[in-house]
Amino acid sequence: MTIKHIAVIGAGTMGNGIAQVCAVAGFQVTLIDISDAALERGVATLRKNLERQVNKQTLEAAQAEAALQRISTSTDYAQLKTAQLVIEAATENLELKQRILGQIAASVSDTCIIATNTSSLSITQLGATISLPERFIGVHFFNPVPMMALVEVIRGLQTSDATHAAALALTEALGKTAISAGNRPGFVVNRILVPMINEAIMVLQEGLASPEDIDTGMRLGCNQPIGPLALADLIGLDTLLAILEAFYDGFNDSKYRPAALLKEMVAAGYLGRKSGRGFYTY
């Protein structure tokens with residue numbers, strides 16, 4: 001299949017980033033969300049990110065403008081009719097994603113590939129939501145999407161070889177590097193990364209060190225570009241908690257239980273960068 005038109009569901013941080021890289025790579029993109037206000041915010045962020053790339057001379061002004069011209073927005077799923085690929089990039093919530101995937105499947109052609117950007121949920125379980133689940137696959141982009149080179153491509157039990165090959169080809173067309181993973185909670189990167197961040201939160205919870213010292217220790221001692229608590233703030237503490245809860249439920253193993261401090265901070269609305277306060281103040 002030749003993919004020319006890609007639709008992205010969700011204009012938030014991940015959705016607008018995915019839409020941006022698809023448009024820069026030359027694809028026609030339809031960005032869909034539940035309201036015009038959400039779409040306006042998403043496009044404003046996307047435009048700002050393109051301007052930043054132009055200022056850093058990693059993208060030419062003409063390329064940025066051409067990318068913007070390739071993006072249309074809508075609240076109407078009927079716009080998915082001509083898409084060859086739809087990427088769902090909604091909040092990490094199983095019921096929400098299942099509902100959206102059902103709407104997508106009812107709106108697209110039988111040959112359209114349907115993908116999810118989930119970072120922790122079961123591709124097999126999500127795929128069972130739709131008709132023709134052999135066309136369903138996980139494509140896990142990393143935040144910030146325009147900057148991060150990796151995409152995890154995850155097969156569900158039903159995913160066909162053709163769908164997997166198409167997802168790998170798309171990743172290459174976007175200028176990203178793909179790794180293929182099996183369908184287990186967290187896949188590869190988050191399976192390793194998120195428990196490490198959770199352990200850093202437990203170290204803070206125990207009063208063993210300050211946030212600054214924990215992050216400095218991991219940056220200088222392990223050569224990480226950003227400390228685990230600063231990374232948690234970037235990911236979003238609510239997203240981090242949702243991933244850990246998915247691990248805990250999926251593996252039925254107490255080693256994945258979320259730190260009590262993480263739960264308390266999410267309950268307080270301290271979600272990291274997006275709320276202005278997490279382990280640090282922004």
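Along the sequence shown, the residues carry numbers beginning at 1.
Note that CD1 of I137 is 7.5 Å distant from OG of S180, once rounded to the nearest 0.5 Å. Here the CD1-CG distance, from I201 to L262, works out to 4.5 Å after rounding to the nearest 0.5 Å. Taken from CG in L237 to OG in S275, the straight-line distance is 7.5 Å, to the nearest 0.5 Å. Rounding to the nearest 0.5 angstrom, the gap separating the CG atom in N183 from the CD atom in Q125 is 9.0 Å. Between the OG1 atom in T82 and the NE2 atom in H5 there is a gap of 4.5 Å [rounded to 0.5 Å]. Going from atom CD1 of I114 over to atom CD1 of I130 covers 4.0 Å, rounded to the nearest 0.5 Å.
Residue N252 places its CG atom among 12 or fewer non-hydrogen atoms of other residues, nucleotides or ligands, all under 6.0 Å distant. For M196, the CE atom is densely surrounded, since the number of other residues' heavy atoms within 6.0 Å is greater than 12. Heavy-atom contacts from other residues, nucleotides or ligands closer than 6.0 Å to CD1 of I34 number 12 or fewer. Within 6.0 Å of CD in E212 there are more than 12 heavy atoms belonging to other residues, nucleotides or ligands. A 6.0 Å sphere centred on CZ of R47 holds no more than 12 heavy atoms belonging to other residues, nucleotides or ligands.
Between Q20 and Q53, the side chains place a donor N or O and an acceptor N or O closer than 3.5 Å (distance only, hydrogens not considered). Between the side chains of N49 and R52, a donor-acceptor pair is found at a separation under 3.5 Å.
Nearest heavy-atom pair, P258 versus E245, reported as atom, atom and distance to 0.1 Å: CG-CG, 4.1 Å. Nearest approach of A23 to A67, heavy atoms of both residues: CB-O, 3.4 Å. When all heavy atoms of A89 and I18 are compared, the closest pair comes out as CB-CD1, 4.2 Å. Smallest separation of non-hydrogen atoms from A230 and D215: N-OD2, 3.0 Å. Pairing each heavy atom of I197 with each of P228, the nearest pair is CG2-O, 3.7 Å. In terms of heavy atoms, I32 sits closest to D76 at CD1-O, 3.6 Å.
The shortest distance between side-chain heavy atoms of D238 and K274 falls below 4.5 Å. In this structure the side chain of H140 reaches within 4.5 angstrom of the side chain of N190, judged on heavy atoms. Under the 4.5 Å side-chain criterion, counting only non-hydrogen atoms from C-beta, V29 is not in contact with R70. Side-chain contact between L50 and L46 is present, with heavy atoms from C-beta onward closer than 4.5 Å. Proximity of Q28 to K4: side-chain heavy atoms (C-beta onward) are nowhere separated by under 4.5 Å. Q158 has its side chain out of reach of F136: every pair of non-hydrogen atoms, C-beta onward, lies at least 4.5 Å apart. Within the 4.5 Å cutoff, side-chain heavy atoms of L241 are placed close to those of K263. Looking at L174 and F27, their side chains come closer than 4.5 Å, going by heavy atoms from C-beta outward.
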Stepwise side chain to side chain contact (heavy atoms under 4.5 Å, CB included) check, L121 with T116: CA-CA 9 Å; L121 299 175; T116 177; over 6 Å; no

Test log, rule salt bridge (charged side-chain N to carboxylate O under 4.0 Å, His left out), inputs R41 and D33: CA-CA 11 Å; R41 287 193 298 271; D33 212 314; over 6 Å; no

From CA spacing to verdict: side chain to side chain donor-acceptor pair (under 3.5 Å), E92, T118: CA-CA 6 Å; E92 197 75 349; T118 183; 2.6 Å; yes

Side chain to side chain contact (heavy atoms under 4.5 Å, CB included) between L271 and V266, worked out: CA-CA 6 Å; L271 306 182; V266 171; 4.2 Å; yes

Check against side chain to side chain contact (heavy atoms under 4.5 Å, CB included), V108 and K81: CA-CA 5 Å; V108 299; K81 279 184 180 179; over 6 Å; no

Full working for side chain to side chain contact (heavy atoms under 4.5 Å, CB included) between I100 and Y77: CA-CA 10 Å; I100 290 172; Y77 278 66; 3.6 Å; yes

Full working for side chain to side chain donor-acceptor pair (under 3.5 Å) between S122 and T124: CA-CA 5 Å; S122 168; T124 298; 4.5 Å; no

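The backbone N or O of V194 sits nowhere less than 3.5 Å from a side-chain atom of N198 that would complete a donor-acceptor pair. One N or O on the side chain of E88 and one on the backbone of A90 form a donor-acceptor pair closer than 3.5 Å. The main-chain N or O of G15 is never found under 3.5 Å from a side-chain atom of N117 such that the two would form a donor-acceptor pair. A side-chain donor-acceptor contact under 3.5 Å links S160 to the backbone of E134. Using a distance-only test at 3.5 Å, with no hydrogens or angles considered, a donor-acceptor pair links the side chain of Q205 to the main chain of A260. With hydrogens and angles disregarded, a donor-acceptor distance shorter than 3.5 Å links the side chain of N16 to the backbone of A11. The closest donor-acceptor contact from the side chain of T216 to the backbone of D213 lies at 3.5 Å or more, if one exists at all.
No continuous path of ILVMFWY side-chain contacts below 4.5 Å connects V145 to V189, so the two sit in separate hydrophobic clusters. Linking ILVMFWY residues whenever their side-chain heavy atoms come closer than 4.5 Å, directly or via other members, places L240 and M265 in the same cluster. Y280 is connected to I235 through a chain of hydrophobic side-chain contacts under 4.5 Å among Ile, Leu, Val, Met, Phe, Trp and Tyr, so both are in one cluster. Under the 4.5 Å side-chain heavy-atom criterion for ILVMFWY residues, a single connected hydrophobic cluster contains both L170 and I71. In terms of hydrophobic clustering, with Ile, Leu, Val, Met, Phe, Trp and Tyr side chains grouped at heavy-atom distances under 4.5 Å, F142 and L168 are assigned to different clusters.
For R277 and Y270, the positive end sits near the middle of the six-membered ring, less than 6.0 Å away and at most 45° from its axis.
F247 and F251 have perpendicular rings, their planes meeting at more than 60° on a 0 to 90° scale where under 30° would count as parallel.
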